[in-house]
Amino acid sequence: MGALHCNAHEQSSVKLIIQIPCLNEAETLPQVLRDLPTRIEGVDVIERLVVDDGSTDGTAEVARSLGVEHVLRMGTTQGLANAFRRGVDHALRHGADIVVNTDGDNQYCGADIPKLLQPILERKADLVVGCRPIVDHPEFGFAKKLLQLLGSRTLQMISKTDVRDAASGFRAFSRETCKRLHVYSAFSYCMETLVQAGNIGLRVASVDIRVNPSTRPSRLFKSIPQYVRKSGGTMLAMFVLYRPGRFFMMIATAFMMVALFLSLRFLWLVYLTPYPDHTRTYLPSIIVMAVCAISSFLMMALSVLGELMKTQRRLGEEKLYLLRKMYYENRPPDHER
């Protein structure tokens, strides 16, 4: 896993495609492109891919005028996750051995791309995440720093990785990793690909990277509460999808603890206390106890069903991976056709 793809006619060649999802980035795109490295040790070919997610400011035209090798227009705005998915597919079809994703707003320092590539080139990682200096970031307020740290810590537990900046979009993927990952979310690919990679056994590494001064507010969310809601929903969905047994057993345990407490309370008040009150029926407590006990058993059943569905989903993803492998490896890159 993580082996670099080599073209049949050029066994030692390593091709890097740097993809840049863009939504109205005509002003910042020139600077982003200027900062990208043109030569990297261990890489033979470097090409750039701009994924225009329905821009209305001429982003695609700017990219073409600056000599970008690949410009993929989405037509309408479909979101960052869809732009990422379409870009990766385009890169694989054009023979990429490594795909690097960066932002079109010039947030990340392009000169740090060699640091991202090093673990993959050395066969030590399949996916590498560039971690921003969250605590020392001058443009992050206290609330955002706290949310970033809490979110990353939660993702570490769900994804079984030790990446410190789960929301970072500055990443490098090996060719095999690109074929194995499946993005279901419409909000952002960052958390989902990290959870998938950790849960299917891919080797995930992280490196410290630099950031540039902010050029505009984020377009992924309009406010901190909206970011918390969307990110929290994504993490919850990933938890249910990839750890269904643990998720439903946690809920079942909570219901069972309430039912156990109420049952012990009932036994104490009716049979064990020295002065029982025989005028009370305790019917509300009995009803709540029964509802909690039944709910607990239902959650346990959902836990078992979730694990069975998880197994089926992983089999389906493995079949999709094999189909992708056959599709991409048994056809020449698009630039040769």
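Between the side chain of T102 and the backbone N or O of I20 there is no donor-acceptor pair closer than 3.5 Å. Side chain of T253 to backbone of M249: a donor-acceptor contact under 3.5 angstrom is found. In terms of modelled atom types and a separation under 3.5 Å, the side chain of S303 and the main chain of M299 share no donor-acceptor contact. Judged by distance alone, the side chain of D126 and the main-chain N or O of L202 form no donor-acceptor pair under 3.5 Å. Judged by distance alone, the side chain of S65 and the main-chain N or O of V62 form a donor-acceptor pair under 3.5 Å. With hydrogens and angles disregarded, no donor-acceptor distance shorter than 3.5 Å links the side chain of H90 to the backbone of R86. Judged purely by atom type and a 3.5 angstrom limit, R210 has no side-chain atom pairing as donor or acceptor with the backbone of A111. A side-chain donor-acceptor contact under 3.5 Å links S159 to the backbone of L155. At distances below 3.5 Å, not a single donor-acceptor pair connects side-chain atoms of K310 with backbone N or O atoms of G245. In this structure, the side chain of N24 engages the main chain of T56 through a donor-acceptor pair within 3.5 Å.
Among all heavy-atom pairs drawn from L66 and P30, the shortest one is CD1-CA, 3.7 Å. Residues L80 and P21 come closest through the heavy atom pair CD1-CB, 3.9 Å. Considering every non-hydrogen atom in both T161 and G198, the closest pair reads CG2-CA, 3.9 Å. Summarising the geometry of S152 relative to A166, their closest heavy-atom pair is OG-N, 3.1 Å, with the distance given to 0.1 Å. Between T59 and C22 the shortest heavy-atom distance is CG2-CB, 3.8 Å. Of all heavy-atom pairs spanning A96 and R175, the tightest one is O-NH1, 2.7 Å.
Using a 4.0 Å cut-off between charged side-chain N and carboxylate O, E176 and K179 make a salt bridge. Ion pair K115/D208 not flagged as a salt bridge, since none of the NZ, NE, NH1 or NH2 atoms sits closer than 4.0 Å to an Asp/Glu carboxylate oxygen. Ion pairing between E318 and R180 holds under the 4.0 Å rule for side-chain N and carboxylate O.
In the hydrophobic cluster analysis, where Ile, Leu, Val, Met, Phe, Trp and Tyr join through side-chain heavy atoms closer than 4.5 angstrom, I209 is grouped together with L33. A continuous path of hydrophobic side-chain contacts links F266 to V288 [ILVMFWY only; heavy atoms under 4.5 Å]. Residues L29 and I18 share a hydrophobic cluster, clusters being chains of Ile/Leu/Val/Met/Phe/Trp/Tyr side chains in contact below 4.5 Å. In this structure, V258 is not a member of the same hydrophobic cluster as I294, with clusters built from ILVMFWY side-chain heavy atoms closer than 4.5 Å. Both F239 and I251 belong to a single network of hydrophobic side chains, linked directly or stepwise wherever heavy atoms of I, L, V, M, F, W or Y lie under 4.5 Å apart.
The distance from atom OG of S174 to atom CD1 of I120, rounded to the nearest 0.5 Å, is 5.5 Å. Interatomic distance, M191 CE to M238 CE, rounded to the nearest 0.5 Å: 10.5 Å. To the nearest 0.5 angstrom, Q312 atom CD is 8.0 Å from L308 atom CG. In this structure, R324 CZ and L92 CG are separated by 8.0 Å, a value rounded to the nearest 0.5 Å. Atom CD1 in I158 sits 10.5 Å away from atom CZ in R246 (nearest 0.5 Å). Note that OG of S206 is 10.5 Å distant from CZ of R171, once rounded to the nearest 0.5 Å.
Proximity of R265 to S285: side-chain heavy atoms (C-beta onward) are separated by under 4.5 Å at one or more points. For the pair Y321/M326, no side-chain contact is recorded, criterion being any heavy-atom separation below 4.5 Å from C-beta on. The closest side-chain heavy-atom distance from L116 to V129 is not below 4.5 Å. At a threshold of 4.5 Å between non-hydrogen side-chain atoms, the residues V99 and T177 do not count as touching. In this structure, the side chains of F170 and D165 stay at 4.5 Å or more apart for every pair of heavy atoms. With a 4.5 Å cut-off on side-chain heavy atoms, V50 and L72 do not count as touching. Residues L236 and F247 are in side-chain contact: their nearest non-hydrogen atoms beyond the backbone lie under 4.5 Å apart. Between L322 and K319, the closest side-chain pair of non-hydrogen atoms is not below 4.5 Å.
A 6.0 Å sphere centred on CD of E317 holds more than 12 heavy atoms belonging to other residues, nucleotides or ligands. No more than 12 heavy atoms of other residues, nucleotides or ligands shown are found within 6.0 angstrom of CZ on R153. When the shell of 6.0 Å around CE of M157 is examined, it contains more than 12 heavy atoms from other residues, nucleotides or ligands. More than 12 heavy atoms of other residues, nucleotides or ligands shown are found within 6.0 angstrom of CD on E122.
In this view, D89 and R93 satisfy the salt bridge (charged side-chain N to carboxylate O under 4.0 Å, His left out) rule, not counting sequence neighbours. Residues meeting the side-chain contact (heavy atoms from CB on, under 4.5 Å) test with I287, sequence neighbours left out: L283, V291.
Looking only at atom types and distance, the side chain of T28 has a donor-acceptor partner in the side chain of E25 under 3.5 Å away. No donor-acceptor contact under 3.5 angstrom links the side chains of H182 and Q196, judged on distance only. Under 3.5 Å, the side chains of Q107 and R132 contain a donor-acceptor pair of N or O atoms. Looking only at atom types and distance, the side chain of Y108 has no donor-acceptor partner in the side chain of D35 under 3.5 Å away. Inspection of the Q19 and N101 side chains reveals an N or O donor paired with an N or O acceptor under 3.5 Å.
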Checklist entry - So L49 and V68, side chain to side chain contact (heavy atoms under 4.5 Å, CB included) or not? Walk me through it. => result CA-CA 7 Å; L49 163 63; V68 173; 5.9 Å; no
Checklist entry - Checking side-chain hydrogen bond (donor to acceptor under 3.5 Å, both in side chains) for the pair E47/H70: CA distance, chi angles, key distance, verdict? => result CA-CA 8 Å; E47 294 180 357; H70 308 274; 2.5 Å; yes
Checklist entry - Between D44 and K15, does a side chain to side chain contact (heavy atoms under 4.5 Å, CB included) hold up when you go through it step by step? => result CA-CA 6 Å; D44 301 283; K15 181 175 183 178; over 6 Å; no
Item to check | Worked check of side chain to side chain contact (heavy atoms under 4.5 Å, CB included) between L117 and L16 | outcome: CA-CA 9 Å; L117 299 185; L16 165 67; 3.8 Å; yes
Checklist entry - After noting the C-alpha distance and the side-chain angles of V45 and V14, does the key distance pass the side chain to side chain contact (heavy atoms under 4.5 Å, CB included) rule? => result CA-CA 6 Å; V45 180; V14 175; over 6 Å; no
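For the salt bridge (charged side-chain N to carboxylate O under 4.0 Å, His left out) condition, the pairs that include at least one residue of residues 48-60, sequence neighbours left out, are R48-E69, D52-R73.
Between F84 and F173, the two ring planes are tilted [angle within 30° to 60°].
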